[in-house]
2 protein chains.
Amino acid sequence: MSLEHAILGFLSSRQLTGYDLKKIFDTSVRHFWAADQSQIYRTLGRLARQGWAEMEVITQAERPDRKVYRITPTGRQELLNWLKSELPAEPPRSPEMIQVFFSAQLTDVQVRAMLERVADQMRQGLAVFDAIPKNIEAYAEFTQSPREFYFWLLTLEVGQMTTRANLDWIENVIQRIQDGEVPQA
Amino acid sequence: MSLEHAILGFLSSRQLTGYDLKKIFDTSVRHFWAADQSQIYRTLGRLARQGWAEMEVITQAERPDRKVYRITPTGRQELLNWLKSELPAEPPRSPEMIQVFFSAQLTDVQVRAMLERVADQMRQGLAVFDAIPKNIEAYAEFTQSPREFYFWLLTLEVGQMTTRANLDWIENVIQRIQDGEVPQA
DNA sequence: GTTTCATATAGGACATATCCTATATAGTAG
DNA sequence: CTACTATATAGGATATGTCCTATATGAAAC
């Protein structure tokens with residue numbers, strides 16, 4: 001599972017708490033990886049148990065104690081090995097494509113409505129992408145490295161590109177419906 | 001979960017067994033939905049229990065008995081409702097993007113190797129797409145409807161388009177590395 | 001006759017993710 | 001003082017998917 005390596009990746013820059021990581025997953029990388037808070041805490045525990053991270057309790061005066069995690073040399077090696085490894089192919093699983101496939105059973109009017117709905121969701125997604133600040137200063141909290149920031153921008157870029165390409169395709173299909181190019185039975 | 005609706009979709013054309021569905025998931029729709037055999041059998045049981053499908057045992061002389069499932073009117077209505085509904089947004093989850101993001105920690109040579117590897121996987125995926133027969137006769141077993149076949153082709157089309165767009169983007173990034181456009185620290 | 005494949009069925013155990021709950025600190029709004 | 005937000009932690013139960021196992025029929029290859 002990649003959450004372990006994602007967390008190791010963040011810990012390789014600096015030590016963090018579960019709460020810190022939750023904020024990072026909710027902001028900086030939410031366009032390509034979402035993680036649930038309890039999942040993060042459980043994964044941190046697992047990383048510590050298998051020796052890829054170590055934990056230190058920091059007592060706080062006016063807040064509950066913080067558990068700060070830092071990557072170990074073993075964990076750093078595991079991260080580098082994983083970064084160089086080939087990922088197993090994932091079984092494809094697209095509810096959208098199931099709807100597209102079986103919407104052959106709907107009328108052209110209903111198909112168009114469905115496609116317009118999906119297109120709207122994609123436009124909203126693009127608006128979210130466009131609204132993300134793209135200057136490194138906005139991300140000082142998670143990195144000061146221009147190289148790291150550049151690679152983060154790459155993930156943003158591909159997300160936007162893919163969403164835009166899918167939106168173009170949907171609009172093209174809508175046009176084909178309007179042009180009467182879709183078989184009726 | 002969309003597997004229920006995918007199965008309802010197939011049953012809406014004709015009655016099928018779990019074994020039939022496994023073959024369909026392994027061939028015709030494997031480019032956008034993969035399903036495990038035991039998952040299919042369990043989901044069929046659930047569809048029957050909640051009244052969206054009904055099951056009839058067909059005794060066979062020289063093979064084990066077959067359990068044939070057919071969609072019910074309730075199930076057909078549920079399918080149509082689902083086809084017209086807006087899907088909840090899925091949390092994004094891309095192991096590839098995690099590798100891209102953290103590969104900032106690798107050297108340019110290592111990053112290139114990683115991207116070439118991903119590119120190779122995509123070329124293989126495209127080769128698989130290109131090898132899929134695109135004449136309706138090859139799919140007589142699962143549909144004889146030109147409209148249904150057209151919508152199936154749409155799912156193929158978007159899969160190819162997305163894979164190609166991603167491959168172009170990776171090649172572009174490799175070019176940027178070669179051109180020295182990527183920050184070093 | 002053993003292995004593999006095809007045709008059939010389906011349960012057990014586990015992995016991963018989600019959603020909910022719970023606790024404990026402080027601060028703000030009403 | 002209740003509700004909400006922020007800062008902190010983490011377990012219980014469930015949903016979904018995977019992998020393995022098991023059974024039972026026939027056919028083909030070695």
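By convention in this document, chain letters (A, B, ...) are assigned in the order of the sequence lines, proteins followed by strands, and residues within each chain are numbered from 1.
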Which pairs with one or both residues in residues 87-111 of chain A pass salt bridge (charged side-chain N to carboxylate O under 4.0 Å, His left out), sequence neighbours excluded?
A:D108-B:R147

Could you give the start and end, 5' to 3', of the contact zone on DNA chain D for chain A, using atoms under 4.0 Å from its heavy atoms?
D:dA6 to D:dT18

Qualifying ring-ring contact (aromatic ring centres under 6.0 Å, His included) pairs with a residue from residues 58-98 of chain B, counting only residues at least two apart or across chains
B:H5-B:W82

In numerical order, the residues of residues 43-54 of chain A whose heavy atoms come under 4.0 Å of DNA chain C are none

Once salt bridge (charged side-chain N to carboxylate O under 4.0 Å, His left out) is applied, what residue pairs with a partner in residues 19-45 of chain A remain, sequence neighbours excluded?
A:D20-A:R66, A:K22-A:D26

Taking the side chain of B:S38 as heavy atoms from C-beta outward, which of C:dT16, C:dG12, C:dC20 is closest to it?
C:dG12

Hits for side chain to side chain donor-acceptor pair (under 3.5 Å) against B:T74, two or more places apart or cross-chain, chain-then-number order -> none

Name all pairs fulfilling the salt bridge (charged side-chain N to carboxylate O under 4.0 Å, His left out) condition that reach into residues 155-170 of chain A, sequence neighbours left out, sorted by first residue then second.
A:E157-B:R176

Proximity to DNA chain D (any heavy atom under 4.0 Å), residues of residues 78-88 of chain B only
none

Give the residues of residues 57-69 of chain A touching DNA chain C, defined as any heavy atom closer than 4.0 Å, sorted by residue number.
A:E62, A:R63, A:P64

Ring pair (Phe, Tyr, Trp, His ring centres under 6.0 Å) with B:F102: which residues, sequence neighbours excluded?
A:F10

The residue, B:G18 or B:R93, whose nearest nucleotide of DNA chain C is more 5′ is B:G18

By ring pair (Phe, Tyr, Trp, His ring centres under 6.0 Å), which residues pair with B:Y41, not counting sequence neighbours?
none

Residue-phosphate contact under 4.0 Å: B:R42 side-chain N/O, C:dG12 OP1/OP2:
no

Side-chain cluster (under 4.5 Å, hydrophobic types only) that A:I58 belongs to, other residues:
A:V68

